Chemist: 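Sharing a structure, written as structure tokens. Questions coming.
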Amino acid sequence: MTNRWKSIGLAALLAGLTLSASYAEAAGVLTIGRREDSTTFDPIKTAQNIDNWVFSNVYDVLIRVDKTGTKLEPGLAESWTVSDDGLTYTFKIRDAKFSDGSPLTAEDAAYSLLRIRDDAASLWSDSYKVIDTAVATDARTLTIKLKNQSAPFLSTLALPNASVISKKGMESLGADAYGEKPIASGAFVVEEWRRGDRVILKKNPNFWQADRVKLDGVEWISVPDDNTRMLNVQAGELDTAIFVPFSRVEELKKDPNLNVGIDASTREDHLLINHAHGALGKKEVRQALDMAIDKKAIVDTVTFGQGTVANSYVPKGALYYYADNLQRPYDPEKAKELLAAAGASDLTLNYLIRAGDEVDEQTAVLVQQQLQKAGITANLQKVDPSQEWDMLVAGDYDISVNYWTNDILDPDQKTTFVLGHDSNNNYLTNYKNEAVKDLVAKARLELDPKKREQMYVDLQKMAKDDVNWIDLYYSPYINVSRKNIENFYQNPLGRFFLEDTVKN
């Protein structure tokens, strides 16, 4: 824990060094402090919140999730109809433009959907393979025919990664250039991306809801250290910051210059397990790990009462969440027995941690101590946040805490990504269970709500039995902002409604 707590003097110095280059002097430019920098503005090439939360206001989607995070509403598609057989969807595209002034048409929408389905670089192709054809029957009419009926289809159209991009722009610029400085369909345009520092957005005057947007621009500024980021807001060097450490909530609430926002979320923190590494490929070993971790102690110590113990990969309150799913008791002695029976006594693991993330660092120390009681040695490896994702993708870890927030209302998306396909090694874990994968595909096709719910209950049970990962806790989004900032808000799926944010 020696690197976890910074002295106030050092943190203040770092804060000044971090933000000295900011030129967000204009009253209408909102500055937001976050941990990591973006990785891309090509929607199909990322599954990270650090990307999606930024480009949700750079791009628009055909159908949006509303502010409550509970229902769908029109986006670039102002209306739609579904055929009686459930296979043909017809969308009326509203009169809109891209940021370069070119018309946004049904052809752009069709191109975007076929690209997320077919492009080799797409991380989301499985969710869109249900699309048979997507064609523009005229400039403002998009007709999609499905291969079979799909219960989550409309929800998948609200996924930020299915945002509408410019066909002409992508084909002329190429994917790499478009991913650096895209042609926007949303409220803001990428003015500049200073890698490792900030993303600078300006208001898109061609956005179809431009009159709704109050800000002149937004700067997403990378401040990896949690303590430094909070000090920046307290000093007025940032307008807002996300990822407020649980330990700082009560203190920040007492600051008369600040507002602390605690918003309902679909966030679930979990311990990733690399099934491809030795003994971790054995279910009994993973079950032992689950029993060796005291989740209640983590919730009490790390979240300061803001979190609740998780028992499923489906977040509490989400569609088809199974409240009675198994919670293995904390039992280090039983864990020892399971490890011995599996021939995995004296297990040593490499635990990858994001440096500067107060919650992750504290969790790691607790988990390390708990695992030790079961005879498991966890070697903590702190890495820069910019390195961590690539190491996880490469499988260069044994265990690591990560989190997921739902991107669509339907459970299919997370279930597919985590349990049901191979293109991302089942969210970095290398988990494989063909029966689970088959049920994931069937649940996507089932239209009877009761039958479909039972399928997701079964999937939650199977995932828990296999220990695809270890569910830790659910928690809200916690943000902090200066008193002069209004309507800085996330819905439960994580989207910031910056088109409604005001800086007084």
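For the single chain, residues carry numbers from 1 onward in sequence order. What you are looking at is a predicted structure, and each value in this text was computed from that prediction instead of being measured.
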Chemist: Between A241 and V244, which heavy-atom pair has the shortest distance, and what is it?
Modeler: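 Distance-wise, the nearest heavy atoms are O-CG2, 4.2 Å.
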Chemist: Quick one: are V218 and K503 in side-chain contact, heavy atoms under 4.5 Å?
Modeler: no
Chemist: Are the side chain of D66 and the backbone N or O of K71 linked by a donor-acceptor pair below 3.5 Å?
Modeler: yes
Chemist: With a 6.0 Å cut-off (strictly less than), is the heavy-atom count around CG of D346, excluding the residue itself, greater than 12?
Modeler: no
Chemist: Starting from the C-alpha separation in whole Å, work towards a yes-or-no answer on side chain to side chain donor-acceptor pair (under 3.5 Å) for N479 and Q490.
Modeler: CA-CA 9 Å; N479 305 312; Q490 283 177 283; 3.1 Å; yes
Chemist: Does the side chain to side chain donor-acceptor pair (under 3.5 Å) test come out yes or no for N52 and S56, once each step is laid out?
Modeler: CA-CA 6 Å; N52 285 21; S56 285; over 6 Å; no
Chemist: Nearest 0.5 Å, please: how far is CG in L347 from NZ in K336?
Modeler: 13.5 Å
Chemist: Is the cationic atom of R328 (NZ for Lys, CZ for Arg) positioned less than 6.0 Å from the six-membered ring centroid of Y330 and within 45 degrees of its normal?
Modeler: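 Verdict for Y330: no cation-pi partner in R328.
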Chemist: Using side-chain contact (heavy atoms from CB on, under 4.5 Å) as the criterion, point out the one residue from L371, L271, N379 that pairs with Y351.
Modeler: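 Of the listed options, the one satisfying the test is L271.
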Chemist: Distance check, rounded to the nearest 0.5 Å: K334 atom NZ versus E337 atom CD?
Modeler: 5.0 Å
Chemist: Is it the case that the side chain of N487 and the backbone of D500 share a donor-acceptor pair, with hydrogens and angles ignored and the cut-off at 3.5 Å?
Modeler: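 A pair under 3.5 Å: yes.
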Chemist: Hey, what do you get for CG (N257) to CG (L252), rounding to the nearest 0.5 Å?
Modeler: 11.5 Å
Chemist: Using a distance-only test with no angle check, is there a side-chain donor-acceptor pair under 3.5 angstrom linking T405 and N49?
Modeler: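 Yes, a side-chain donor-acceptor pair sits under 3.5 Å.
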Chemist: To the nearest 0.5 angstrom, please state how far the CG atom of N468 sits from the NE2 atom of H275.
Modeler: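 Spacing of CG (N468) from NE2 (H275) equals 6.0 Å.
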Chemist: Please check: side-chain N/O of T240 versus main-chain N/O of T31, any donor-acceptor pairing under 3.5 Å?
Modeler: yes
Chemist: Passes side-chain contact (heavy atoms from CB on, under 4.5 Å), S38 versus Q48? Steps please.
Modeler: CA-CA 9 Å; S38 295; Q48 299 190 68; over 6 Å; no
Chemist: Between R286 (side chain) and D466 (backbone), is there a donor-acceptor pair under 3.5 Å?
Modeler: yes
Chemist: Before we go on, tell me: are the rings of Y431 and W469 under 6.0 Å apart, centre to centre?
Modeler: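 No.
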Chemist: Please say whether more than 12 non-hydrogen atoms of neighbouring residues, nucleotides or ligands are located less than 6.0 Å from NZ in K45.
Modeler: yes
Chemist: For N274 and N430, which I'm curious about, is there any donor-acceptor pair between the side chains at under 3.5 Å?
Modeler: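 Yes, because at least one side-chain N or O of N274 sits under 3.5 Å from a partner of the opposite role on N430.
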Chemist: Heavy atoms, side chains only, cut-off 4.5 Å: are I293 and L472 in contact?
Modeler: yes
Chemist: Before giving the answer on side-chain contact (heavy atoms from CB on, under 4.5 Å), spell out for L445 and Q149 the whole-Å C-alpha distance, their side-chain angles and the decisive distance to 0.1 Å.
Modeler: CA-CA 6 Å; L445 305 179; Q149 294 182 342; over 6 Å; no
Chemist: So that I can tick it off, tell me whether R229 and D225 are bridged by a salt bridge, with the cut-off set at under 4.0 angstrom between side-chain N and carboxylate O.
Modeler: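 Here D225 does not pair with R229 in a salt bridge, since their nearest N and O are not under 4.0 Å apart.
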Chemist: Check for a donor-acceptor pair, side chain of R194 on one end and backbone N or O of V199 on the other, with a separation under 3.5 Å.
Modeler: no
Chemist: Would D471 and K464 pass as an ion pair if we require N to O under 4.0 Å?
Modeler: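 Looking at D471 and K464, the cut-off is met.
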Chemist: Pairing donors with acceptors under 3.5 angstrom, does anything connect the side chains of R198 and S222?
Modeler: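 Side chains of R198 and S222: no pair found under 3.5 Å.
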Chemist: E268 and K414: salt bridge (charged side-chain N to carboxylate O under 4.0 Å, His left out), yes or no, with the steps?
Modeler: CA-CA 11 Å; E268 185 232 356; K414 183 177 183 181; 3.0 Å; yes
Chemist: Does a salt bridge link D126 with R444, judged by any charged N lying under 4.0 Å from a carboxylate O?
Modeler: no
Chemist: Report yes if the side chains of V393 and L428 come closer than 4.5 Å at any heavy-atom pair, otherwise no.
Modeler: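 When only atoms from C-beta onward are counted, L428 and V393 do touch, with a gap below 4.5 Å.
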Chemist: Is there a donor-acceptor contact under 3.5 Å from the side chain of R35 to the main chain of G356?
Modeler: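 Not confirmed, R35 side chain does not pair with G356 backbone.
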Chemist: Quick check on the 6.0 Å ring-centre criterion: do W404 and Y313 meet it?
Modeler: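 Distance test on ring centres: not under 6.0 Å, no.
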Chemist: Would S247 and E358 count as having a side-chain donor-acceptor pair, cut-off 3.5 Å?
Modeler: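 S247 vs E358: donor-acceptor pair found between side chains.
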Chemist: Do any N or O atoms from the side chain of Q460 and from the backbone of Y320 form a donor-acceptor pair under 3.5 angstrom?
Modeler: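 Side chain of Q460 to backbone of Y320: a pair is present.
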Chemist: Using 30° and 60° as the class boundaries, would you call the ring planes of F243 and Y403 parallel, tilted or perpendicular?
Modeler: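 F243 and Y403: perpendicular rings.
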Chemist: Quick check on side-chain contact (heavy atoms from CB on, under 4.5 Å): which of L439, L319, T415 does Y456 satisfy it with?
Modeler: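 It is T415, the one option of L439, L319, T415 that forms the side-chain contact (heavy atoms from CB on, under 4.5 Å) with Y456.
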Chemist: Stepwise, does the side chain to side chain donor-acceptor pair (under 3.5 Å) test hold for R117 with S122?
Modeler: CA-CA 7 Å; R117 183 193 70 179; S122 175; over 6 Å; no
Chemist: Answer yes or no: does atom NZ of K437 have more than 12 heavy-atom neighbours from other residues, nucleotides or ligands under 6.0 Å?
Modeler: yes
Chemist: Would you indicate whether the side-chain heavy atoms of L366 and Q369 approach each other to under 4.5 Å?
Modeler: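 Of all side-chain heavy-atom pairs linking L366 with Q369, at least one is under 4.5 Å.
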Chemist: Could you walk me through whether V480 and N259 satisfy the side-chain contact (heavy atoms from CB on, under 4.5 Å) test, starting with their C-alpha distance in whole Å, then the side-chain angles of each, then the deciding distance to 0.1 Å, before giving a yes or no?
Modeler: CA-CA 6 Å; V480 62; N259 286 320; over 6 Å; no
Chemist: E250 vs K253, test: salt bridge (charged side-chain N to carboxylate O under 4.0 Å, His left out). Steps then yes/no.
Modeler: CA-CA 5 Å; E250 293 307 314; K253 281 183 176 179; 3.7 Å; yes
Chemist: Is it the case that the side chains of N406 and T266 hold a donor-acceptor pair, with the cut-off being a distance below 3.5 Å and no angle test?
Modeler: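 There is no such pair (donor and acceptor under 3.5 Å, judged by atom type) between the side chains of T266 and N406.
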Chemist: Charged N to carboxylate O below 4.0 Å: is that the case for D197 and R195?
Modeler: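 Here D197 does not pair with R195 in a salt bridge, since their nearest N and O are not under 4.0 Å apart.
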Chemist: For a 4.5 angstrom cut-off between non-hydrogen side-chain atoms, does I116 reach P43?
Modeler: no
Chemist: Can you check whether P245's main-chain N or O pairs, donor with acceptor, with D226's side chain at less than 3.5 Å?
Modeler: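 Checking the backbone N and O of P245 against the side chain of D226, no donor-acceptor pair under 3.5 Å is found.
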Chemist: Relative to the ring of Y397, is the ring of H277 parallel (under 30°), tilted (30 to 60°) or perpendicular (over 60°)?
Modeler: tilted
Chemist: How long is the span from the CD atom in E36 to the CZ atom in R354, to the nearest 0.5 Å?
Modeler: 6.0 Å
Chemist: Between W124 and F417, is a side-chain contact (heavy atoms from CB on, under 4.5 Å) present by the stated rule, with each step listed?
Modeler: CA-CA 8 Å; W124 301 95; F417 215 76; 3.7 Å; yes
Chemist: Keeping the roles fixed (side chain from Q370, backbone from D294), state whether a donor-acceptor pair exists under 3.5 Å.
Modeler: yes
Chemist: Hey, could you give me the CG/CG distance between L326 and D465, rounded to the nearest 0.5 Å?
Modeler: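 Between atom CG of L326 and atom CG of D465 there are 8.0 Å.
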Chemist: Would you check if L30 and T501 make a side-chain contact, meaning some heavy-atom pair closer than 4.5 Å?
Modeler: yes
Chemist: How about W220 and F55: are their ring centroids closer than 6.0 Å?
Modeler: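 When the ring centroids of W220 and F55 are compared, they turn out to be at least 6.0 Å apart.
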Chemist: If you count the non-hydrogen atoms of other residues, nucleotides and ligands that lie under 6.0 Å from NZ in K483, is the total more than 12?
Modeler: yes
Chemist: Hey, are K442 and D438 close enough for a salt bridge, meaning a charged N less than 4.0 Å from a carboxylate O?
Modeler: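 Judged by the 4.0 Å cut-off on N to carboxylate O distance, K442 and D438 do form a salt bridge.
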Chemist: Looking at T429, is its backbone amide N or carbonyl O close enough to the side chain of N425 to form a donor-acceptor pair, meaning the two atoms are under 3.5 Å apart?
Modeler: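 No, because the side chain of N425 does not come within donor-acceptor range (under 3.5 Å) of the backbone of T429.
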Chemist: Are R482 and D239 ion-paired here, with the side-chain N under 4.0 Å from a carboxylate O?
Modeler: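 D239 and R482: not salt-bridged.
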Chemist: Could you tell me whether Y489 and F496 have their ring centroids closer than 6.0 angstrom?
Modeler: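 They do not qualify: ring centres at least 6.0 Å apart.
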